[in-house]
Asker: 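Here you go, one structure.
Any value given below was found using the heavy atoms of this structure, including those in side chains, with hydrogens, waters and symmetry copies removed.
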Amino acid sequence: MRFPGLLLPCLFALGGCSLFNQVDDLKHLASDAATGTQLEAGDEVVDEAGPAAPDGGIGPKDAGAPDTVVDAGSTAVIVIGGAADDGGTTAQIATLDPSTGKEIGSNNRMTLPAGKKLGGILYDGEREDLFYVFETSDDPFAPAILHVMHLVTHTGTWKEVSTATNLPPPTGDPGLVALHNTIVYKTNIQGANGGPASVGVAFLNTKQAEDGTKVVPISVGTAPVLAVPFIPRGVIGIPHAGENSLQDIDIVQTDAFPCTGNLDDAGTPFCGMYLHRVTISNAGVSPVQMVAVPTGKFLWKDGAGISWATDLVTSLGVVIYPPVSYNGLGEGQGAIQQYSDDQNHTTQLNPPVNFGPVKGPWLVGTTLAQCERIVITMGFIQNPWLYAIPLDRNGVAAVSMQTIENGGNIVYEPTTRTILAPNRTDLRPFILGGTPTAPTLMLRTTGWQAPRDINVTFAVAKAPLFPKCQ
């Protein structure tokens, strides 16, 4: 049963992963000043350098952006960003060739002003080579700046198209979602009158992003952001093409850990997972259609974690669940479930697609190889194994146990079929091979030369918002 949710009033102070465990839900409010490592010999490539950009300004590290953008041709890229190797005080964004890992235009990095943090990177998905870069500060409640950037992919040169200020700050975890003419993300909400801080959802209108007009926030009633009566874990975006189309968002909620209210036959707690629907139209943001009954459940075991992604081909939300039981070897079967694009969130995989062996309760960083119809996800901490699971239940999942570290998000670049799970300076790639029903995962050990002087906290690949699959 559903009941209409109220748009709760919230105060946003204009002065400031899909991993679930026992860590405080607001841990992202603390700053992270990790230091990078030195660039290894041979990492840089020759590039077309221009005059240096002014210190402290947005733009290339050593090359000025031209007044007009002339792109001789688009190419596949992966964009990474994080604190550079100067003690963590400068954030930089670099462009990688996904076929080699080499930096495209190593002198053309985008550099944020000193003391500013990278709050997120997002690819538009519809407008060629258009990226959104969030600039934040150590104050998690301070307003963010959004840089709308055009990337000349063959030189790695960035050109700023427009800038928007006084925006709700992203929380810093991988949670930015691109829709048609819309960006949605989790945001920090400062408590009123010294009350407790919370997390809400922000909406931005990007319809005019490319013509120099600033991106503008979409108000929620009389409030600048959407406040909900729970801590949102993340958002699942369901984009729809067309100027008058409705864009859908599912806000993910789980029961509070350790979920003691629901027990299985062995007395182990289960957690409820809830998907609360919000619709964005030309008229604004709809009231939240709150879910009273769990959309799904998962076993709580030493923390437990689920993750999610969007099936862009079928416009369905995808949720990855950890095992519900483990054998004598400590192994179980994870599960994939798809949910319909309606307010009832009807399950589409009955029974769910299972995969394994999974040796831990955390599954993080899910994405899809959209046209191949393959779900890509990873275990966390105990056994950071990488999985490629066909949505065709007659397929056979691939698993690689060659990973050592993993990050909070997984990036899939569809042209070269390159997979990255970046964790600071660990940028070792996997290649998705095989067929849609019998995929393979190959760790690249040669022919890859990624930069090592950026503590990568965000990474994004150029990939279409509306894939055209043959």
Side-chain angles (χ1 to χ4, degrees), residues 1-2 18 20 177-180 184 233-241 245-254 270-280 288-299 305-324 332-356 358 363-377 387-398 410 412 414 435-439 463-470:
M1 175 180 178
R2 290 171 175 269
S18 60
F20 303 159
V177 171
L179 302 174
H180 175 63
V184 182
R233 304 293 185 174
V235 291
I236 302 175
I238 312 292
H240 303 283
S245 63
L246 301 178
Q247 308 302 305
D248 293 323
I249 285 289
D250 285 329
I251 305 175
V252 183
Q253 178 197 4
T254 66
F270 275 84
C271 297
M273 187 278 300
Y274 308 81
L275 298 179
H276 307 289
R277 174 57 55 90
V278 174
T279 299
I280 307 113
V288 183
Q289 296 295 314
M290 296 287 292
V291 173
V293 177
T295 310
K297 293 182 179 181
F298 61 99
L299 180 70
I306 65 174
S307 59
W308 49 84
T310 304
D311 185 340
L312 297 173
V313 174
T314 60
S315 296
L316 298 175
V318 179
V319 177
I320 314 300
Y321 292 95
V324 298
Q333 292 286 302
I336 299 173
Q337 185 57 267
Q338 290 182 307
Y339 295 94
S340 61
D341 181 25
D342 57 41
Q343 294 179 357
N344 293 323
H345 294 105
T346 306
T347 57
Q348 301 298 294
L349 299 173
N350 300 299
V353 172
N354 293 320
F355 65 96
V358 176
L363 290 165
V364 299
T366 297
T367 190
L368 270 77
Q370 300 286 348
C371 293
E372 294 88 345
R373 316 304 300 137
I374 293 173
V375 176
I376 303 168
T377 191
Y387 300 90
I389 311 115
L391 283 171
D392 186 335
R393 63 178 64 256
N394 294 317
V396 179
I410 293 179
Y412 177 71
T435 67
T437 56
L465 187 61
F466 301 105
K468 295 179 174 61
C469 303
Q470 297 179 349

Asker: Report the C-alpha separation of Gln333 and Val358 in whole Å, then their side-chain angles, then the decisive distance to 0.1 Å, and conclude whether the side-chain contact (heavy atoms from CB on, under 4.5 Å) test is met.
Answerer: CA-CA 6 Å; Gln333 292 286 302; Val358 176; over 6 Å; no
Asker: Would you check, one step at a time, whether the test side-chain contact (heavy atoms from CB on, under 4.5 Å) holds for Leu391 with Gln338?
Answerer: CA-CA 10 Å; Leu391 283 171; Gln338 290 182 307; 3.9 Å; yes
Asker: Can you check whether Phe298 reaches Thr254 side chain to side chain, under 4.5 Å on heavy atoms?
Answerer: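 Yes, close enough: below the 4.5 Å cut-off.
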Asker: Evaluate the ring planes of Tyr387 and Phe355, with Trp represented by its six-membered ring, and classify them as parallel (under 30°), tilted (30 to 60°) or perpendicular (over 60°).
Answerer: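 Tyr387 vs Phe355 ring planes: perpendicular.
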Asker: For the atom pair CZ (Arg233) and CD1 (Ile251), what is the distance rounded to the nearest 0.5 Å?
Answerer: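 Result: 13.5 Å between the selected atoms.
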Asker: Leu299 and Val324: which non-hydrogen atoms are nearest, and at how many Å?
Answerer: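 Heavy atoms of Leu299 and Val324 come nearest at CD2-O, 3.3 Å.
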Asker: Do Thr347 and Pro352 have side-chain heavy atoms sitting under 4.5 Å apart?
Answerer: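 Heavy-atom side-chain distance check fails, nothing below 4.5 Å.
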Asker: For Ala309 and Leu368, work out which heavy atoms get closest and say how close.
Answerer: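 Scanning both residues, the minimum pair turns out to be CB-CD1, 3.7 Å.
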Asker: About how many Å separate NZ of Lys297 and SG of Cys271, when rounded to the nearest 0.5 Å?
Answerer: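 With rounding to 0.5 Å, SG (Cys271) is 10.5 Å from NZ (Lys297).
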Asker: How close do Gly234 and Trp308 get, counting heavy atoms only, and between which atoms?
Answerer: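 Distance-wise, the nearest heavy atoms are CA-CZ2, 3.6 Å.
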Asker: Rounded to the nearest 0.5 Å, how far apart are CD1 of Ile280 and CG of Leu179?
Answerer: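 That separation rounds to 5.5 Å.
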Asker: If I take atom CG from residue Asn344 and atom OG1 from residue Thr295, how far apart are they, to the nearest 0.5 angstrom?
Answerer: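 Result: 10.0 Å between the selected atoms.
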Asker: Can you measure from CD1 (Ile238) to CG (Leu246) and round to the nearest 0.5 angstrom?
Answerer: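 Here the rounded value is 13.0 Å.
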Asker: Measure the shortest side-chain to side-chain distance between Thr437 and Asn394 over non-hydrogen atoms and say whether it is less than 4.5 angstrom.
Answerer: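 They are not in side-chain contact.
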Asker: Is a donor on one side and an acceptor on the other found under 3.5 Å between the side chain of His276 and the backbone of Met290?
Answerer: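 Flag not set: sc His276 to bb Met290 has no pair under 3.5 Å.
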Asker: Would you check if Arg277 and Leu275 make a side-chain contact, meaning some heavy-atom pair closer than 4.5 Å?
Answerer: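 Heavy-atom side-chain distance check fails, nothing below 4.5 Å.
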Asker: Are Gln289 and Thr279 close enough, and set up right, to give a side-chain contact (heavy atoms from CB on, under 4.5 Å), and what steps lead you there?
Answerer: CA-CA 9 Å; Gln289 296 295 314; Thr279 299; over 6 Å; no
Asker: Does the side chain of Val396 come within less than 4.5 Å of Pro390's, by heavy atoms?
Answerer: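 The answer is no, as the side chains (C-beta and beyond) never meet within the 4.5 Å cut-off.
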Asker: Just how far is it from atom CZ of Arg393 to atom CG of Asn350, taken to the nearest 0.5 Å?
Answerer: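 Between Arg393 CZ and Asn350 CG, I get 8.0 Å after rounding to 0.5 Å.
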Asker: Of all the heavy-atom pairs spanning His240 and Ser245, show the shortest one and how long it is.
Answerer: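 Closest approach of His240 to Ser245: O-OG, 2.8 Å.
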Asker: I need the minimum non-hydrogen distance between Tyr339 and Met273, along with the two atoms involved.
Answerer: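 Smallest interatomic distance, heavy atoms only, reads OH-CE, 3.9 Å.
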Asker: May I ask you to decide if Leu312's main-chain N or O and Gln370's side chain share a donor-acceptor pair within less than 3.5 Å?
Answerer: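 The answer is yes, because a donor-acceptor pair under 3.5 Å joins these two groups.
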Asker: I'd like to know whether Arg373 forms a side-chain contact (heavy atoms from CB on, under 4.5 Å) with Val313, so could you lay out the CA-CA distance, the side-chain angles of the two residues, the decisive distance to 0.1 Å, and finally the verdict.
Answerer: CA-CA 9 Å; Arg373 316 304 300 137; Val313 174; 3.6 Å; yes
Asker: Kindly give the heavy-atom pair with the smallest separation between Val375 and Ile320, and that separation in Å.
Answerer: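 Nearest pair, atom of Val375 first, then Ile320: CG1-CD1, 3.7 Å.
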